[in-house]
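All values below were derived from every heavy atom in this structure, side-chain atoms included, with hydrogens, water molecules and symmetry-related copies excluded.
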Amino acid sequence: MKNKVLKAAFSAAMIAGAGIGSAELFWADKAEAAYTYQSVSSLEEYATVADVIGYEPDGRIVEDNPYKRIATYSNKQGQTQYKSVFFKQQNTVKVMNLRGGRLYYGQLKTVQEDATTQPAGDTISQYPETAKIESIINTDGLTSDVVEDNYGKRIILFKDANGQVEYKSIFIKHTNMLKVIDLDGGQIYYGSI
């Protein structure tokens, strides 16, 4: 009987010791993975994320597998505020504000050169609101600068030869509503395109 008790106690000690050893190995791997840092600025989706957010954020890769890559990005105060999910097979990216929801979901954007050096009609001709804008304001002699173009809206500034902003247009994509503002005289149009 004493022999059986001794065997049971020894077996329990072996099992408990193996469990602790396994747990230490498991948590050591997790801790090492959590502190692995990879630069996000070299990622193929980084240009799109930076364009949607409006600046070049610092970030870190949270998950990277054969199907998707998840990264989080800090705001200008250093707090994690944005998250991107890059779907590798579809070549699409979803950008989310952790405090306000989805900002963009679609194909990767191509990086464009500065649009302010071209006449207004040349840089915005591909947008659906262009015809309506040109029927409201005279864009001759003005340059356009697309300052925001995300999932929900597009904002275009129209500048004169001196670089002064004369007009501003705000196009809400899901409702096809357009607002045109004369910065000297106020709102001059609000309606559908």
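Ile156 and Ile181 end up in different hydrophobic clusters when Ile, Leu, Val, Met, Phe, Trp and Tyr side chains are linked at under 4.5 Å. Grouping the Ile, Leu, Val, Met, Phe, Trp and Tyr side chains by contacts below 4.5 angstrom, directly or via other members, places Tyr104 apart from Val147. Under a hydrophobic-cluster definition in which Ile, Leu, Val, Met, Phe, Trp and Tyr are linked whenever side-chain heavy atoms come within less than 4.5 Å, directly or via other members, Val62 and Val85 are assigned to the same cluster. No continuous path of hydrophobic side-chain contacts links Ile124 to Leu157 [ILVMFWY only; heavy atoms under 4.5 Å]. Each of Val93 and Ile70 belongs to its own hydrophobic cluster when Ile, Leu, Val, Met, Phe, Trp and Tyr are linked at side-chain heavy-atom distances under 4.5 angstrom.
Side-chain contact between Leu142 and Asp160 is present, with heavy atoms from C-beta onward closer than 4.5 Å. The shortest distance between side-chain heavy atoms of Lys88 and Asp64 falls below 4.5 Å. Using a 4.5 Å heavy-atom threshold, the side chains of Glu45 and Val95 count as separate. Counting only heavy atoms from C-beta outward, the side chains of Val49 and Val40 never approach each other to under 4.5 Å.
Residue Glu129 comes nearest to Arg154 through the heavy atom pair OE2-NE, 2.8 Å, listed as atom of the first residue, atom of the second, then distance. Contact detail for Phe171 and Pro128: the closest heavy-atom pair is CE2-CG, 4.1 Å. Taking both residues in full, the closest heavy atoms of Phe158 and Thr139 are given as CE2-CG2, 4.2 Å, listed atom of the first, atom of the second, then distance. Listed here is the closest heavy atom pair of Ile133 and Ser169: CD1-OG, 3.6 Å.
Lys94 NZ to Thr48 OG1: the interatomic distance, rounded to the nearest 0.5 Å, is 15.5 Å. Atom CD of residue Gln164 and atom NZ of residue Lys159 lie 9.5 Å apart, to the nearest 0.5 angstrom. Atom NZ of Lys173 sits about 11.0 Å away from atom NZ of Lys153, to the nearest 0.5 Å. Expressed to the nearest 0.5 Å, how far CG of Asp145 lies from NZ of Lys168 amounts to 12.0 Å. Atom CG of residue Leu98 and atom OH of residue Tyr82 lie 9.5 Å apart, to the nearest 0.5 angstrom. Atom CG of Leu43 is separated from atom CD1 of Ile61 by 4.5 Å, given to the nearest 0.5 angstrom.
Using bins of under 30°, 30° to 60° and over 60° for the plane-to-plane angle, the ring pair Tyr105/Phe87 lands in the perpendicular bin.
Between the side chain of Asn65 and the backbone N or O of Tyr67 there is at least one donor-acceptor pair closer than 3.5 Å. Counting only distance, with no hydrogens or angles, the side chain of Lys179 and the backbone of Ile172 share no donor-acceptor pair below 3.5 Å.
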Practice task
Determine, step by step, whether Ile170 and Met177 satisfy the side-chain contact (heavy atoms from CB on, under 4.5 Å) criterion, reporting the C-alpha distance in whole Å, the side-chain angles of both residues, the deciding distance to 0.1 Å, and the verdict.
Solution key: CA-CA 8 Å; Ile170 304 169; Met177 297 299 287; over 6 Å; no

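Residues meeting the side-chain contact (heavy atoms from CB on, under 4.5 Å) test with Asn91, sequence neighbours left out: Glu44, Phe86, Gln107, Leu108. By the side-chain contact (heavy atoms from CB on, under 4.5 Å) test, Tyr189 is found to be paired with Lys132, Ile136, Leu178, Val180, residues two or more places apart in sequence or in another chain being considered.
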